[in-house]
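Atom set for the values below is all heavy atoms of this structure, side chains included, hydrogens, waters and symmetry mates excluded. To find a chain, count down the sequence lines: A is the first, B the second, and so on, and within it residues start at 1.
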Number of protein chains: 2
Amino acid sequence: MADLKSNINPLFLREEDLRQGIELLFYAYRDFTAEPDAILAKWGFGRAHHRVIYFVGRNPNITVTELLAILKITKQSLSRVLGTLIEDDFISQRADPSDRRRKLLTLTEKGGELERELTTTQMARFARAYRETGAEAVEGFRRVLSGIINPEDRARVRPRQKPGRGRG
Amino acid sequence: MADLKSNINPLFLREEDLRQGIELLFYAYRDFTAEPDAILAKWGFGRAHHRVIYFVGRNPNITVTELLAILKITKQSLSRVLGTLIEDDFISQRADPSDRRRKLLTLTEKGGELERELTTTQMARFARAYRETGAEAVEGFRRVLSGIINPEDRARVRPRQKPGRGRG
DNA sequence: ATTTAAGGTCAGCCATGTTGACTTAATTAT
DNA sequence: ATAATTAAGTCAACATGGCTGACCTTAAAT
């Protein structure tokens, strides 16, 4: 019996299975970022710019502090990429009227176009994977990856509207 | 009706769902790498070292070329981190007897210990997620993430032994 | 009036990716 | 046997994007 554990208790997780998870995540992330990287290079941007563009697009009027909480990088690191994105007119900022210390970040039209180009490649990748595997697998994927994320940040990944069922 | 498409055709994937996938992958990867990064810092290593240690541990006697194919970085980039790992006695190399141009890489005992320490944190994360979600979700996770990986590399993620079923 | 919070800035350091040009040694093909 | 290819390594230079630390301004909260 090379692997007693798995034969005794199906709830005991085999190292093999856990390592498979680690590797899937590595390879998936590696390939998932490759296409956007190529597009970004045309503009002289990098992956850090992409993350900012993505999350500003996803959260219009987001503040710098909130963006930092998502990215988990320092203010100084963010400032570099955010600065170039504002300067190059991909992102605009305006003061929050209710607290003028806050700056609300939004994609410009130009920024929105780039966001769409970048996100389209990644959505296509997911669309194919989802189609090939089906709704049940997608739900499993969603639940497992949620479990990988630190609990305090799970709520960030919001299915923003529940899908309508049938009818239209 | 704000979202006609999803009501008409359940096979039409909503942008919302696709973006959720993108975000899950981002957050999961972010948190999944944080603990190892902290351990590596104690040794003066970074994430790049981790990847090398992981895949050499996973593929004893791997060649440099094969390692490059997994990591998809340049030989020069690899050389830097691999060089320090060999110098610090975490990895050993020996010539392949059947083709002495090839160098076979293996973890030393010291390297194996670090590999285990690093991988344990990531396995614990997966173990919890797997336990919380169940076998069906895990299978869905596995299939979806496989679909995200470029086809030519899917075979790399091998479930090396099929689990025994019941009995012990 | 003081303290705190949000945001920004300058300077410098480090890790890790890149290109490009070359070298050496071993194997394979002609 | 010679030539070509392959595996590995090396040196130099550069870019990106993290980091720390010190410090400033403005606005809000106490």
Note to self: Less than 4.0 angstrom from a charged side-chain N to a carboxylate O is my criterion; do B/Arg58 and A/Glu23 meet it?
What the structure shows: yes
Notebook entry, point to check: Looking at A/Arg30 and B/Asp153, does any basic side-chain N land under 4.0 Å from a carboxylate oxygen?
Noted result: yes
Checklist line | Within residues 111-118 of chain A, residues whose heavy atoms come under 4.0 Å of DNA chain C | finding: none
Checklist line | Salt-bridge present (A/Asp88, A/Lys110; N to O < 4.0 Å) | finding: no
Notebook entry, point to check: Is B/Gln93 touching bases, backbone alone, or none of the nucleic acid, heavy atoms closer than 4.0 Å?
Noted result: sugar-phosphate
Item checked: Rounded distance (Å) that lies between atom P of D/dC19 and atom CG of A/Leu78 -> 11 Å
Item checked: Residue whose closest nucleotide on DNA chain D lies nearer the 5' end, B/Thr63 versus A/Ala48 -> B/Thr63
Notebook entry, point to check: CG of A/Leu67 versus P of C/dG7: gap in Å, rounded?
Noted result: 10 Å
Next item on the list: Using a 4.0 Å heavy-atom cut-off, write out nucleotides 20-30 of chain C from 5' to 3' as B (base contacted by protein), S (sugar-phosphate only) or - (no contact).
Entry: BB----BS---
Notebook entry, point to check: What class does the angle between the rings of A/His50 and A/Tyr54 fall in, given that below 30° is parallel, 30 to 60° is tilted and above 60° is perpendicular?
Noted result: perpendicular
Notebook entry, point to check: If you fit an axis to the five pairs at each end of the helix from C/dA1-D/dT30 to C/dT30-D/dA1, how big is the angle between those two axes, to 10 degrees?
Noted result: 30°
Check: ring-ring contact (aromatic ring centres under 6.0 Å, His included) with B/Phe26: which of A/Phe55, A/Phe32, A/Tyr29?
Finding: A/Phe55
Check: Expressed in angstrom and rounded to an integer, what is the separation of A/Tyr29 atom OH from C/dG17 atom C1'?
Finding: 15 Å
Note to self: Can you measure A/Arg30 atom CZ to C/dT16 atom C1' for me and round it to whole angstrom units?
What the structure shows: 17 Å
Check: How close or far is atom P of C/dA5 from atom NZ of A/Lys103, stated in whole angstroms?
Finding: 19 Å
Check: Are A/Arg143 and B/Glu136 close enough for a salt bridge, meaning some N to O gap below 4.0 Å?
Finding: no
Next item on the list: Would you mind reading off the distance between A/Ile73 atom CD1 and D/dT20 atom P, rounded to a whole angstrom?
Entry: 12 Å
Notebook entry, point to check: Is the shortest distance from a Lys or Arg side-chain nitrogen in A/Arg116 or B/Glu15 to a carboxylate oxygen in the other one below 4.0 Å?
Noted result: yes
Item checked: B/Arg51 vs C/dG17: side-chain N/O to OP1/OP2 distance below 4.0 Å -> yes
Next item on the list: Please determine, by modelled atom types, if B/Arg102 and B/Asn61 share a side-chain donor-acceptor pair under 3.5 angstrom.
Entry: no
Margin query: Tell me whether the side-chain N/O atoms of B/Thr74 come closer than 4.0 Å to OP1 or OP2 in C/dT18.
Written below: yes
Check: Given atom CG of A/Leu82 and atom C1' of D/dT16, what is their separation to the nearest angstrom?
Finding: 16 Å
Notebook entry, point to check: Closer than 4.0 Å, any side-chain N/O of A/Ser77 to the OP1 or OP2 of D/dC19?
Noted result: yes
Note to self: Tell me whether B/Asp96 is salt-bridged to B/Lys103, with the criterion being a basic N under 4.0 Å from an acidic carboxylate O.
What the structure shows: no
Check: Is A/Glu16 salt-bridged to A/Arg19, cutoff N-O under 4.0 Å?
Finding: no
Check: Rounded to whole angstrom units, what separation is found between the CZ atom of B/Arg102 and the C1' atom of D/dT6?
Finding: 9 Å
Note to self: Counting the atoms with a prime plus P, OP1 and OP2 as sugar-phosphate, which does A/Arg80 contact under 4.0 Å by heavy atoms, base, sugar-phosphate, or nothing?
What the structure shows: base
Notebook entry, point to check: Angle class for the A/Phe45/A/Phe90 ring planes (parallel below 30°, perpendicular above 60°, tilted otherwise)?
Noted result: perpendicular
Next item on the list: Could you verify whether a donor N or O on one side chain and an acceptor N or O on the other, from B/Asn59 and B/Arg156, lie under 3.5 Å apart?
Entry: no
Next item on the list: Quick one: label A/His49 by what it contacts on the DNA or RNA (base, sugar-phosphate, nothing), any heavy atom closer than 4.0 Å.
Entry: sugar-phosphate
